[in-house]
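Structure first, then comments.
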Number of protein chains: 2
Amino acid sequence: MDRVTLRDVATRAGVSVMTVSNVVRGYRHVSPRMRERVQAAIDELGYRPNLSGRSLATGRSSVLALAVPDLRRPYFAELAHVFARVSTARGYRLLLEETGGTPEGERSVLRDLEAGIVDGVVIQPQALTAAELEGLRRDTPLVFVGEDPRPPTADQVAMDNVVAAEEALAHLVAIGRRRIGFLGHEIDSLSRPSELRIEGYRRGLERAGLLFDEALLVPRGQGDAVGAEQALGSALDAGLAVDGLLCRDDLAAVGALRALQLRGFAVPGDVAVIGWDDIEFAASTVPSLTSVAPDTRALGERALELLLERMDDPERPGRQVTVGHRIVARESAPARQPWSVPTEPSSSVIADRTASGSSTAESSARRSATGRELRTTSHAATFSPVADLGASGSS
Amino acid sequence: MDRVTLRDVATRAGVSVMTVSNVVRGYRHVSPRMRERVQAAIDELGYRPNLSGRSLATGRSSVLALAVPDLRRPYFAELAHVFARVSTARGYRLLLEETGGTPEGERSVLRDLEAGIVDGVVIQPQALTAAELEGLRRDTPLVFVGEDPRPPTADQVAMDNVVAAEEALAHLVAIGRRRIGFLGHEIDSLSRPSELRIEGYRRGLERAGLLFDEALLVPRGQGDAVGAEQALGSALDAGLAVDGLLCRDDLAAVGALRALQLRGFAVPGDVAVIGWDDIEFAASTVPSLTSVAPDTRALGERALELLLERMDDPERPGRQVTVGHRIVARESAPARQPWSVPTEPSSSVIADRTASGSSTAESSARRSATGRELRTTSHAATFSPVADLGASGSS
DNA sequence: ACTCACATTTGTAGCGCTATAAACTGCGCC
DNA sequence: GGCGCAGTTTATAGCGCTACAAATGTGAGT
């Protein structure tokens, strides 16, 4: 049983291939009778259009590519999820490419994806400079996501890292923290996100009248939770004293929680901790993690929009889009401190206790827990919450 | 600047298109001089072969598809990562498809991916029955991963859930647990993984001379950590008493840790907890999580091998491959109990303290922590550890 | 009846590539 | 010189689909 082709259907239905093609593509000017007849033949033969043929004829493939450093990082998995959803909704399939965050990986993606198999590419670069990216760019429409520098003529979507870090710092200050560290940046070459977040951290300190102290910057080795745990652990053992910690990402924050708790520091009692990315786990650590939440859904949606628009008009000038964020206050740095006299909240911060459904469990707990989730609004771009898109179960 | 085509290169080099094609594909019988000349033209023009054209001519696309329920679940992200790596290593690109774990999602994937755009599909079904899957199957080579039932004529790769659950239970028994619960299965329709894991749980109880008690099965609502936390929380508040807990997956285990700790139960002191999947976070929770670790790398590799073999010979009989697993013992259920007189370990369990690099940090801790990671070997299929494949940084 | 406007249907010519086999090279050998 | 042979190069015919334009049908208006 060979593949069923347009011609087979046409023969079966006794019409021309073009008519079948018209039916398949939903061309308007096909009479109902004809449409019905052709559809019957399609169903009988189980015809499926061959996308390679279509692609060759139209010059479009309806496939987009997303290139991220590593799918195993929850943030990228979330991004891929969102992008897959929005792409599918617009009739595109998704080719996934991992760059490994290396120059070769990013180069190979940009080089190979020009092969006419994808209509456009969304990439989160991490290793290549803007100049290199520009050199590799050809005529496949391209959108950059994330904060790393990109060619000025290209489109980019990112959140405002500086402002968000500044807000996170204000949050810590508002709950009385004065010795606030930054955990998780890179030792040798500062990544762009770290750079921007540290910049916001500095501005936040400044605005609060606190002094910047290089000793409170704790780099990590490996870019994972274990690396952060070890780095912070060593620093604490060496005498680091902080009462607040802004972490480069939630992975670092999770490592920080461990390092702190293993040493008997209470979180947030002794040290308040804020992470970044608001990964799903942030709600389930002990204590749950206050985190800077980028509007990942908006990020994915805007990236797709920019990409489609660029596919439409490759010559349009490059645009830079900023998506919203918010600070999701949970137990590791609650908006108010339940264990002490409430401090005056910062004027720009609005505490808003959300119903979480866990109140029953908590109310009868042997020891009381703090609220599951408190949100503070952000003054950045509008935030559209990531709706739960279904799916259950695991392996 | 239009796309450069084979013809352009041929004209430029003054040869036929076939010769250019031969050079591009690395055909043997091309003289060195000719190869050089053509290559020069290719480089000058920046020619990239159009994969749609190639695909149409050859009937193959060098694209494989992976369909999983939801990329946001760490297990699937890991699987996608592994599969992307091995596919790339074999010269294939990866199309990613999320089914949402719904019948429609799985149906649409199976239906659409027959469109000649992919050479083969690896799918982890979750909602469809074997009969439905068989009905949807056409001639695109297909490999199933995971435990869910699949058509008997198809290939499948999975770990041995029953044996692994039995081992996990033996582990809990070996450290003195007698009232062991199972957390996280589905309420209405039991998923196949849950079913098998509960079966292993029962066998483990039996083998240990313990009675199965329906009351110790705690289903969860939402298939995430929060759902598990709420479910276990309610059960505990209603009087559930356990000293050990086998969780359906690590997400459930993470939720369990929170539910237990918020109620003042010590883990593992009062309740030992074992998760499933050994996601990256398992090493960084407090306490770190003992978990059943499937050999995901082997899973991905074997799935690809089966797929390639089936692409080679679509008529070969369906095969069922079992990949290895191990129980990674961490703090939530250590191989020995550091807080009490060591119990006699089960004969099949070999404790093996691994160097983790965190000993320095821990040795100077204000309060001592238990070892980071203890591994118990499994008697199941050979385990090939998941090598770290690089990549660093986050958002 | 005839025309015109419009809707519907159909031939034809590629899209860029490769499979196939035919057409060339040389070159050694009878 | 002619022949066979292995190594190269090339002409041609599609792969399955769609763009385009041309051809056909249909009904209203005159």
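Every value quoted in this text rests on a predicted model; they were computed, and no experiment measured them. Just so it is clear, the values below take in all heavy atoms, side chains as well, and ignore hydrogens, waters and symmetry mates. Chain letters run A, B, ... following the sequence lines, proteins first and then strands; every chain starts at 1.
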Arg90(A) vs Val86(A), side chain to side chain contact (heavy atoms under 4.5 Å, CB included): CA-CA, chis, key distance, verdict | CA-CA 6 Å; Arg90(A) 301 276 202 126; Val86(A) 294; 5.6 Å; no
- Taking 4.0 angstrom as the limit, do Glu36(B) and Arg33(B) come out as a salt bridge? no
When rounded to the nearest 0.5 Å, the distance separating CZ of Phe83(A) from CD of Gln124(A) is 12.5 Å
Value for CG (Leu136(A)) from OG (Ser108(A)), rounded to nearest 0.5 Å, stands at 10.0 Å
Readout for nucleotides 12-20 of chain C: B = base within 4.0 Å of protein heavy atom, S = sugar-phosphate only, - = neither; 5' to 3' it is --BBBBBBB
So CG of Leu128(B) and CD of Glu106(B): to nearest 0.5 Å the spacing works out to 4.5 Å
Applying side chain to side chain contact (heavy atoms under 4.5 Å, CB included), run through Arg12(B) and Leu45(B) and close with a yes or a no.
CA-CA 9 Å; Arg12(B) 170 71 159 237; Leu45(B) 298 177; 3.8 Å; yes
Rounded to the nearest 0.5 Å, the OG atom of Ser62(A) sits from the CZ atom of Arg93(A) at a distance of 8.5 Å
Between CZ of Arg28(B) and P of dT9(D) the distance, given in whole Å, is 14 Å
TODO: For Glu132(B) and Arg107(B), run side chain to side chain contact (heavy atoms under 4.5 Å, CB included): C-alpha distance rounded to whole Å, both residues' side-chain angles, the deciding distance at 0.1 Å, then the answer.
DONE: CA-CA 9 Å; Glu132(B) 285 175 299; Arg107(B) 242 179 249 122; 3.4 Å; yes
Within residues 29-43 of chain B, the residues having a heavy atom closer than 4.0 Å to DNA chain D are His29(B), Val30(B), Ser31(B), Met34(B)
